[in-house]
Asker: 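Here it is: the structure, laid out below.
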There are 4 protein chains.
Amino acid sequence: MDARVEQEELSGKRARAKAANRQAILEAARQVFARMGADAATVRDIIRETDLAAGTFYNYFRSKEEVFEALANEGVQRFRSRLASVRARATSLEAYLKAAYSAYFEFLNEENEEAIERGAPHAAMIGVRVDTPEMHAVFEEIRADFEHVAQSSGLSLSDSGFLTAAAIGIAREVGDHMLRRRPVDTAGAVEFATQLFMNGAGTLATTRKK
Amino acid sequence: MDARVEQEELSGKRARAKAANRQAILEAARQVFARMGADAATVRDIIRETDLAAGTFYNYFRSKEEVFEALANEGVQRFRSRLASVRARATSLEAYLKAAYSAYFEFLNEENEEAIERGAPHAAMIGVRVDTPEMHAVFEEIRADFEHVAQSSGLSLSDSGFLTAAAIGIAREVGDHMLRRRPVDTAGAVEFATQLFMNGAGTLATTRKK
Amino acid sequence: MDARVEQEELSGKRARAKAANRQAILEAARQVFARMGADAATVRDIIRETDLAAGTFYNYFRSKEEVFEALANEGVQRFRSRLASVRARATSLEAYLKAAYSAYFEFLNEENEEAIERGAPHAAMIGVRVDTPEMHAVFEEIRADFEHVAQSSGLSLSDSGFLTAAAIGIAREVGDHMLRRRPVDTAGAVEFATQLFMNGAGTLATTRKK
Amino acid sequence: MDARVEQEELSGKRARAKAANRQAILEAARQVFARMGADAATVRDIIRETDLAAGTFYNYFRSKEEVFEALANEGVQRFRSRLASVRARATSLEAYLKAAYSAYFEFLNEENEEAIERGAPHAAMIGVRVDTPEMHAVFEEIRADFEHVAQSSGLSLSDSGFLTAAAIGIAREVGDHMLRRRPVDTAGAVEFATQLFMNGAGTLATTRKK
DNA sequence: CATGAATGAGCATTCATTCAT
DNA sequence: GATGAATGAATGCTCATTCAT
């Protein structure tokens with residue numbers, strides 16, 4: 001009885017403590033992964049960054065991989081929610097692209113800012129790089145967006161799979177390249193990526209003066 | 001005199017054996033990396049795939065990473081040499097792109113054929129995926145090619161860094177996508193990637209009939 | 001409240017277990033070192049003598065050397081505390097020597113008894129043989145004792161460093177020799193060493209009858 | 001026939017080459033042992049210091065221990081031959097002691113000079129420290145010398161075993177101590193050790209002025 | 001639920017030794 | 001007899017995971 005009452009009284013606190021522990025582990029993992037790479041990191045490395053005991057880790061995750069996945073999904077989800085806003089407001093293909101690239105490049109910049117400042121060589125995009133079911137879902141969302149926008153404009157896309165892949169490829173590589181430049185110019189990257197995807201390299205080259 | 005000849009004969013055999021062993025380790029590593037991923041793989045996994053003894057590994061490589069690097073460089077070099085032929089024959093930007101994408105997609109297909117058939121989920125491009133000095137060199141080569149071809153055509157590229165990044169991004173993602181389709185259609189991928197890069201998505205969408 | 005009490009009970013048990021494990025490792029190491037020599041011994045040899053698991057060793061010591069050192073210091077400290085009593089009661093140089101030699105030879109005998117009975121060829125004095133900072137401290141203690149006792153007697157020692165070295169040398173070699181005789185005669189060894197150090201070999205040789 | 005003749009022609013050369021190889025290994029071992037300690041040293045370390053191949057080592061020695069023993073015996077033998085000269089010329093106990101201590105301290109100094117200059121922390125007396133049959137032989141030789149000299153002087157030693165042990169103990173510790181002082185004063189050490197052994201500490205202490 | 005010591009499988013690596021050449 | 005690559009047993013050590021408290 002006593003125990004039960006106590007348990008119920010505590011349940012709120014406990015739930016909060018549980019959530020806090022889970023978050024603590026995730027945050028520690030994020031830092032450790034960034035600092036030494038997810039592959040080199042060990043569960044011990046993560047738990048050491050925490051004030052929890054080794055065994056406690058296993059109350060929340062079954063393995064390092066599970067943490068990694070959780071972290072990755074978290075990242076993807078963050079981007080996905082941004083993409084959802086974009087989708088809602090998209091009118092033309094070009095407008096959609098601009099908004100989507102903008103969302104991605106901003107996201108990339110924000111996510112890496114914290115890590116890069118801390119001198120974290122392995123930072124580069126834990127959340128969005130990995131080949132997970134979540135990432136495939138994002139691919140399909142974008143493809144659907146493309147098709148939807150195209151349809152609205154009375155267009156038929158030749159190969160939406162390839163188009164989506166290309167859009168994503170541009171985002172990734174141009175995004176990485178953008179991060180290496182100082183100052184980081186997301187607006188420029190958005191402009192470039194959108195122009196290239198819409199009109200090709202032709203418009204990006206100018207006839208030289210003699 | 002006699003001794004010298006004999007010694008050379010011997011060292012010939014030995015040298016051949018050494019080279020063979022090195023190759024055996026590399027080949028085993030390629031398979032192991034493909035099967036279980038380079039990070040999960042251990043030196044033991046590699047040497048087990050071989051009929052060599054554990055210690056022998058260390059006569060040839062100092063660590064798993066060294067094997068990985070050797071393998072990666074090997075792959076990049078193979079592609080680089082193809083790229084060199086392309087460069088030699090490039091006339092216009094479009095011709096260069098077509099040839100380069102063709103080189104890459106064919107390369108991708110060949111390299112992965114063997115691995116995919118063996119059911120190797122981690123196959124996807126050890127040689128060309130990793131972020132090595134070699135890869136940066138390839139990036140710069142392509143950028144230089146772009147600038148050279150542009151100059152020949154009397155054009156000035158707006159941002160050769162971003163352009164190169166975009167071209168590579170398209171290659172990577174469209175390439176991966178291509179591999180997932182059956183039958184693998186490299187020619188179609190080449191056509192798509194070239195068109196997109198040159199003219200943008202506009203030309204790839206057709207006005208729908210009502 | 002309850003929890004606190006419980007925790008202390010638990011930690012008590014744990015603490016006891018930890019101490020017991022540490023002792024078990026030390027004792028096992030002592031035996032193994034005695035049996036096969038500290039250099040030939042491996043961590044596995046030590047842990048095998050224990051009912052602990054291999055990894056547990058590293059919860060207590062970082063290496064075999066650390067165990068060795070702990071063991072050596074332990075031995076030296078045991079002897080040092082005996083020497084402290086001797087010092088407290090020393091009046092003349094001869095009295096000090098007698099007491100110190102007695103302390104050492106008894107110590108030597110006791111420490112090696114257990115080991116020799118078990119047929120341990122490498123027993124001979126882990127604790128006092130090695131060249132550690134602890135041993136140097138003992139050297140300096142003895143030298144200080146010499147000077148102090150001499151001063152009390154109104155004497156000035158010619159070379160306290162050499163004198164200390166000589167006293168220790170005699171202790172070591174005569175002590176080892178003593179251990180090889182049956183029955184072990186510590187009293188005789190004390191008498192001999194003291195006489196030799198005080199008066200030289202002259203008093204130990206008697207004129208032969210014709 | 002041909003082969004035989006060739007072999008016989010070479011036999012001289014070969015014998016010399018064999019001896020040279022053996023010496024090369026011994027010398028390399030001496031250096032390696034001095035540099036890193038005999039226990040830490042490996043056969044590889046030794047052979048690396050040589051221009052011989054790994055396998056060649058085993059044509060001359062069966063193991064590192066055998067080299068060590070050879071080296072140790074060599075050292076003891078060198079000292080033994082000096083001791084033999086001493087013995088030949090010894091008249092009184094004091095004269096013998098003086099000569100023997102002199103022989104040992106000089107020997108110690110010479111053997112370690114080369115090593116210490118090269119910055120070899122592990123040098124300290126490979127040749128004379130170890131507990132080998134050879135060392136026991138030396139012990140017995142000295143004991144016999146003691147008895148012989150005593151007899152010549154019409155004396156009877158109380159306990160020649162302990163006396164010998166004491167003399168050796170003094171030699172060892174005073175010798176080590178001597179090596180630590182700069183400049184190394186072998187003459188002083190000889191004087192001290194002889195005086196102490198002959199007359200005890202009494203003569204080495206002087207009454208203090210009030 | 002938290003704790004943290006124990007576990008023991010598993011890994012990288014070294015090394016003495018062998019042996020085909 | 002010399003060579004030096006191959007061998008594979010052995011070692012130190014780490015780490016994910018368990019479980020008594």
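No hydrogens, no waters, no symmetry mates; every other heavy atom, side chains included, goes into these values. Throughout, a chain's letter reflects where its sequence line sits, starting with A, and its residues are numbered from 1.
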Asker: Can you tell me how far the CD atom of C:Glu111 sits from the CZ atom of C:Arg78, to the nearest 0.5 Å?
Answerer: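 C:Glu111 atom CD to C:Arg78 atom CZ measures 4.0 Å (nearest 0.5 Å).
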Asker: Tell me which nucleotide among E:dT13, F:dA2, E:dA2 gets nearest to the side chain of B:Ser63.
Answerer: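 For B:Ser63, the side-chain atoms sit closest to E:dT13.
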Asker: Measuring from atom CG of A:Leu52 to atom CZ of A:Phe57, what distance do you get when rounded to the nearest 0.5 angstrom?
Answerer: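 Going from CG on A:Leu52 over to CZ on A:Phe57, the span is 10.5 Å.
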Asker: Ignoring hydrogens and geometry, is there a side-chain-to-backbone donor-acceptor pair from C:Asn21 to C:Lys18 under 3.5 Å?
Answerer: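 Checked: no pair found.
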Asker: Let me know the distance between CZ of A:Arg44 and C1' of F:dT14, rounded to the nearest Å.
Answerer: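 After rounding, the reported distance stands at 7 Å.
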Asker: Out of E:dA2, F:dC13, E:dC15, which has the shortest distance to the side chain of D:Thr42?
Answerer: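 Comparing E:dA2, F:dC13, E:dC15 against the side chain of D:Thr42, the answer is E:dC15.
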Asker: Starting at atom CG of B:Leu52, determine the distance to atom C1' of F:dA9, rounded to an integer number of angstrom.
Answerer: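 One finds 17 Å between C1' of F:dA9 and CG of B:Leu52, rounded.
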Asker: Under the salt bridge (Lys or Arg N to Asp or Glu O under 4.0 Å) rule, what pairs show up with a residue in residues 56-67 of chain C, not counting sequence neighbours?
Answerer: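 Qualifying pairs, neighbours excluded: C:Arg62-C:Glu66.
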Asker: Supply the atom-to-atom distance B:Ile25 CD1 to B:Thr56 OG1, rounded to the nearest 0.5 angstrom.
Answerer: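 B:Ile25 CD1 to B:Thr56 OG1: 7.0 Å, rounded to 0.5 Å.
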Asker: To the nearest angstrom, how far is D:Ile25 atom CD1 from F:dG1 atom C1'?
Answerer: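 Checked: the CD1 to C1' distance equals 12 Å.
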Asker: If I take atom CZ in residue D:Arg48 and atom P in nucleotide E:dC15, what distance separates them, rounded to the nearest angstrom?
Answerer: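 Spelled out: CZ on D:Arg48 to P on E:dC15 is 8 Å.
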Asker: Mapping D:Phe57 and C:Lys64 to their closest nucleotides on DNA chain F, which lands nearer the 5' end?
Answerer: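 Here D:Phe57 is the residue nearer the 5' end.
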Asker: Check whether any side-chain nitrogen or oxygen of B:Asn59 sits under 4.0 Å from OP1 or OP2 of F:dA5, and answer yes or no.
Answerer: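 No, because none of the side-chain N or O atoms of B:Asn59 sits under 4.0 Å from OP1 or OP2 of F:dA5.
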Asker: Figure out the CZ/P separation between C:Arg62 and F:dT11, and round it to whole Å.
Answerer: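 The distance from CZ of C:Arg62 to P of F:dT11 comes to 22 Å, rounded to the nearest Å.
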Asker: For D:Thr56 and for B:Gly55, find the nucleotide of DNA chain E with the closest heavy atom, then tell me which residue's nucleotide is more 5'.
Answerer: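 Checking each residue's closest nucleotide, the 5'-ward one belongs to B:Gly55.
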Asker: What nucleotide among F:dC15, E:dA6, E:dT18 has an atom nearest to a side-chain atom of D:Tyr58?
Answerer: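 Of all the options, the side chain of D:Tyr58 is nearest to E:dT18.
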Asker: Within this structure, what is the CG-to-C1' distance between B:Asp51 and F:dA6, rounded to whole angstrom?
Answerer: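 After rounding, the gap between these two atoms is 11 Å.
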Asker: Within this structure, what is the CZ-to-C1' distance between C:Arg16 and F:dA20, rounded to whole angstrom?
Answerer: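 Rounding to the nearest Å, CZ of C:Arg16 and C1' of F:dA20 are 14 Å apart.
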Asker: Check the phosphate of F:dG1 against D:Asn21, side-chain N and O only, distance under 4.0 Å to OP1 or OP2. Yes or no?
Answerer: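 No, no such contact exists.
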Asker: Please tell me which of the listed nucleotides, F:dA2, F:dT11, E:dA2, lies nearest to the side chain of A:Tyr60?
Answerer: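 Of the options given, the side chain of A:Tyr60 lies nearest E:dA2.
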Asker: Does E:dT17 have a Watson-Crick or wobble mate here (both distances under 3.5 Å), and if so which one?
Answerer: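 Answer to the pairing question: F:dA6, which forms a Watson-Crick or G-U pair with E:dT17.
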Asker: Could you state the atom-to-atom distance from CZ of A:Phe61 to P of F:dA16 in whole Å?
Answerer: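 A:Phe61 atom CZ is separated from F:dA16 atom P by 15 Å.
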